[in-house]
Every structure is written in structure tokens, then in C-alpha cells.
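First listed ligand is number 1; within each ligand, the first listed atom is number 1.
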Amino acid sequence: MSSLDKKLIEREERRKQLFQTLHNCDRRTFLKLSGKFAAMAAAAGVIAPHSFQLVEFVHAATTPSATPEVAFRFAYISDTHLFNKGMTHRFAKAAIKAVEDVNALDPQPDFVLFGGDLAQLGQPDELALGQQILKEVKAPLKMMVGEHDWYFDMGDKWKELFGEPIYSWDHQGVHFIVLNSVVEKDFWTARGMTPMERMVTVAGLDNAVQSRFEVGEPQRDWLAKDLAKVDKKAPLVVFSHSPLYKYYHDWNFWTDDAEEVQKLLFPFQKVSVIHGHTHQLLTNHVRTISFHGMLSTAWPWPYAPTGLPKLTVQMDRADPFDQFDGCGDGTVDVRKDGQVNKNYSLWSRNPTTVTYEQLACGKPAPKGPSYYAMRRKRCVPLVLRFSRCCWLQAWV
Ligand SMILES: [Fe+2]
Ligand SMILES: [Fe+2]
């Protein structure tokens with residue numbers, strides 16, 4: 001067993017004990033205790049501070065503030081990229097960590113959206129492993145497909161496990177839509193590719209063989225029909241795996257028919273698009289549409305060399321020695337005014353919120369998320385110990 005495995009098991013045991021203690025408290029006592037436990041737990045390295053800071057954030061919304069009150073909240077987990085190596089693989093452990101995070105939210109989110117790329121190479125056992133992990137989510141689960149789930153068998157297994165990839169529903173006056181934005185034009189038949197060759201090509205980031213992603217005409221027709229029955233004043237939240245704009249062509253951080261999809265959304269005054277695929281803090285705003293990228297639980301992509309939307313609150317390069325840095329999950333607050341605030345729950349850094357006001361004023365926040373205090377505090381004694389050691393050695 002590796003030292004990481006041992007640490008994770010040890011941390012889980014201590015974490016379970018901590019939650020056991022908090023279990024059965026009434027709400028007021030829980031809130032009182034959670035602050036004390038958060039400090040104790042962070043100091044002991046039992047739990048990342050954000051799990052408790054999210055609780056504080058929920059209740060911060062009830063105190064007087066400049067932003068409108070939150071009507072409800074949903075959570076997201078995205079881009080787990082599971083390999084068929086079972087529960088012991090580090091990506092599986094990260095997915096389990098995300099499920100624990102959202103299950104620990106109090107109050108629970110109204111639903112949890114999975115943002116696509118559940119699997120790495122669309123293998124049936126990768127998808128089945130993902131289903132097994134996501135079954136533990138307590139809140140209702142909504143699924144979206146990513147290209148890594150699709151191109152081995154063109155979605156057969158995904159649909160067998162999770163149903164249709166394109167659907168909509170209404171919740172508390174908001175119309176929600178899930179799209180499959182990773183449709184590609186056939187580049188495989190003429191080349192005589194096997195299913196695995198097709199999958200591996202699509203999974204590659206920087207190749208000219210595959211076509212660019214698109215929503216496609218049949219789905220745009222479906223979307224037009226779906227939107228025809230929705231009041232133009234109603235808020236819309238659209239989920240797409242790729243961003244519904246053109247960010248960076250060569251990595252397929254791109255939707256080829258983005259303008260045509262946006263045109264269908266423009267008649268609505270309050271539209272938020274939440275997308276996966278880019279594995280990073282990413283924010284954009286086009287006319288009435290706000291766009292927010294979701295974090296991945298598996299790895300963070302660096303920012304593309306060109307095309308980064310100016311509203312993005314940029315995160316520094318992830319620490320290559322910390323497998324969780326730049327990864328995480330998060331929540332979305334749907335406000336009573338129909339706009340959304342996007343909350344990034346990073347596993348190694350302070351939680352970061354992008355409010356609608358930040359988009360409306362058109363200026364990015366000056367700084368990205370910093371490492372949480374516990375990490376900095378740990379560094380100080382280490383440096384001191386090291387300096388003292390060198391100093392003593394110099395004397396000897
Ligand atoms: Fe992904
Ligand atoms: Fe993707």
C-alpha cells in the first residue's frame with residue numbers, strides 16, 4: 001500500500017469520526033460546532049477547509065449583502081475521467097472525494113449535475129465504475145455526456161446506464177436544459193478506424209484529424225422547439241460539455257455552431273451556460289449569456305495560449321507535486337433575480353466565487369484563488385526547522 005493510500009484511509013477514518021460527532025446535532029448547534037471543528041480539522045489535516053466554508057457561505061446569503069438572495073443551489077461534479085482500474089485508482093478516489101463533498105453540504109443541493117467525461121476511453125467498465133461511484137450521491141443526480149464517454153460505442157453504453165443525453169426540466173421557475181455539445185462529423189469511416197482508434201483520436205487534445213465539436217442541426221431544432229414553450233422572462237440554465245463559444249480551436253475548447261446556439265438563447269434575458277471539458281476556472285459573458293466552466297476532479301488543464309475570455313479569474317499554474325491542486329467540485333447559487341453565482345470548491349486552495357455582478361461590470365477579479373491557510377502554515381515550521389538545522393550544522 002502506498003503512503004498516499006495510507007494517508008487517504010487514515011484521513012477518511014478521522015473524517016468519519018468528525019462527522020459522527022456532528023451527526024444528530026440540531027441545526028443551530030451544528031453551525032456553532034462546525035466553525036470550531038473546521039479550525040480543529042484544518043489544523044489536523046483531516047479535511048480541506050472548503051467543506052466547512054461552503055456551509056458558512058450558504059448562511060452568509062441570509063445576512064444583508066449587496067447580492068440578491070439565493071433561491072436555491074445545485075452542486076456539480078465533472079470530468080472524472082475514470083480508468084477501468086477500479087476504486088483504488090487515483091481518479092476513482094478523487095471522484096469519491098467529490099461525492100463526499102456534495103453529500104456533506106448542509107443544506108443539501110436541490111440536485112447534482114454531472115458535467116461529462118465520466119470515463120477516460122468510453123469503456124463499458126469505466127462507465128459502470130462511474131455509475132457505481134455516483135450512486136452514492138444523496139441528492140437527485142442529472143447526467144451530461146462528454147466526448148470521452150461517447151466515441152468508443154457512439155453512446156450505446158452511456159445511454160443504457162443513464163438514459164437520453166438531451167433533455168430539459170423546470171425547477172422553481174427556472175428552465176434547465178442538458179445538451180450533447182460534443183457531436184463530431186464522421187472522420188472515422190473513410191479512414192477505416194476501429195472503435196478504439198476513433199475513441200483515442202477524439203480523446204487526444206491537439207490533433208487535426210477529428211472534427212470540431214458541435215451541437216448539430218437536429219439538436220438545434222430540438223432546442224428551438226423546447227424553448228418555444230418557455231416564457232422569455234424565465235431564467236434559463238443550459239448545461240453543455242464543451243463551452244458554447246469559441247475559446248481555442250486546436251484543443252477543441254470550442255463549439256463550431258456556437259453562434260447558432262447562442263442565437264436561440266439571446267431572446268431570453270437571463271441565461272447561464274455551465275460547461276465541463278476545460279477543467280479550469282473559466283468565465284465569459286456574451287450579451288445576455290453568462291458562461292462558467294466547471295472544475296475537473298481528475299486534473300486541471302492549463303489555460304489555452306490564446307482566446308482566454310477576459311472575465312476569467314485566472315488560477316496560477318497547478319502544483320505538479322499535489323495531485324489535487326487545480327481540481328475540485330463546486331456549487332451554483334441560482335438567485336431570486338434569475339442570475340447565478342458560480343462557486344469553485346478547489347481542493348488545495350481557498351474557495352472562489354464568481355458573482356453575476358463581476359460579469360455585469362465587465363472586469364475580472366484581480367486575483368485568482370490562493371492556497372488555503374493550512375498549507376501556508378505548514379510551510380512555516382518546515383522552513384524554520386530547516387533553517388535551524390542548517391544553522392546548527394554550521395556551528396558543528
Ligand atoms: Fe474532460
Ligand atoms: Fe471533454
Side-chain angles (χ1 to χ4, degrees), residues 76-84 89-92 94-95 97-98 113-123 126-127 129-130 133-134 143-155 157-158 162 165-166 178-185 187 198-207 209-216 219 238-258 261 273-282 291-304 307 315 318 323-330 344 346-347:
Y76 73 83
I77 300 171
S78 193
D79 290 85
T80 48
H81 290 267
L82 298 168
F83 285 89
N84 54 8
H89 190 268
R90 73 184 179 103
F91 289 176
K97 179 175 165 61
L113 183 280
F114 185 82
D117 286 353
L118 180 64
Q120 171 61 13
L121 291 173
Q123 301 300 291
E126 293 174 349
L127 292 164
L129 174 65
I133 292 171
L134 292 175
M143 293 296 292
M144 179 162 66
V145 74
E147 80 278 15
H148 286 258
D149 306 321
W150 196 260
Y151 283 90
F152 178 69
D153 60 6
M154 302 307 289
K157 186 66 184 178
W158 194 95
F162 304 114
I166 305 153
V178 176
L179 296 175
N180 172 7
S181 66
V182 293
V183 176
E184 293 207 16
K185 291 190 173 67
F187 61 83
R198 175 178 59 205
M199 180 67 252
V200 169
T201 305
V202 175
L205 195 64
D206 204 351
N207 68 63
V209 174
Q210 63 177 319
S211 75
R212 298 306 96 184
F213 294 142
E214 61 180 30
V215 170
Q219 206 178 158
V238 181
F239 299 107
S240 62
H241 183 65
S242 56
L244 289 181
Y245 59 93
K246 290 171 173 170
Y247 168 15
Y248 189 62
H249 178 276
D250 291 5
W251 294 352
N252 234 341
F253 285 7
W254 190 271
T255 304
D256 223 31
D257 54 353
V261 180
V273 174
I274 313 289
H275 66 85
H277 187 57
T278 51
H279 300 203
Q280 59 195 213
L281 276 81
L282 190 65
F291 301 86
H292 298 276
M294 289 185 260
L295 296 170
S296 161
T297 62
W299 70 82
W301 284 123
Y303 288 115
M315 195 181 75
Q323 72 166 84
F324 289 142
D325 192 21
C327 297
D329 43 67
Y344 291 93
L346 290 141
W347 286 337

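- The ring-ring contact (aromatic ring centres under 6.0 Å, His included) search around Phe152 returns none, not counting sequence neighbours.
- Protein atoms of type N/O/S that fall under 2.8 Å from the Fe ion (ligand 2) number 5 in this view.
- Contacts of Thr278 classified as side chain to side chain contact (heavy atoms under 4.5 Å, CB included), with partners at least two apart in sequence or in another chain: Pro243, Tyr247, Phe253, His275, Gln280, Leu282.
- No side-chain donor-acceptor contact under 3.5 Å links Asp329 to the backbone of Leu295.
- The aromatic ring centres of His277 and Phe213 sit less than 6.0 Å apart.
- For Thr255, the side-chain hydrogen bond (donor to acceptor under 3.5 Å, both in side chains) partners two or more places apart in sequence, or in a different chain, are Ser242.
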Practice problem: Please test Asn180 against Trp150 for side chain to side chain contact (heavy atoms under 4.5 Å, CB included), starting from the C-alpha separation and ending with a verdict. | Solution: CA-CA 10 Å; Asn180 172 7; Trp150 196 260; 4.1 Å; yes
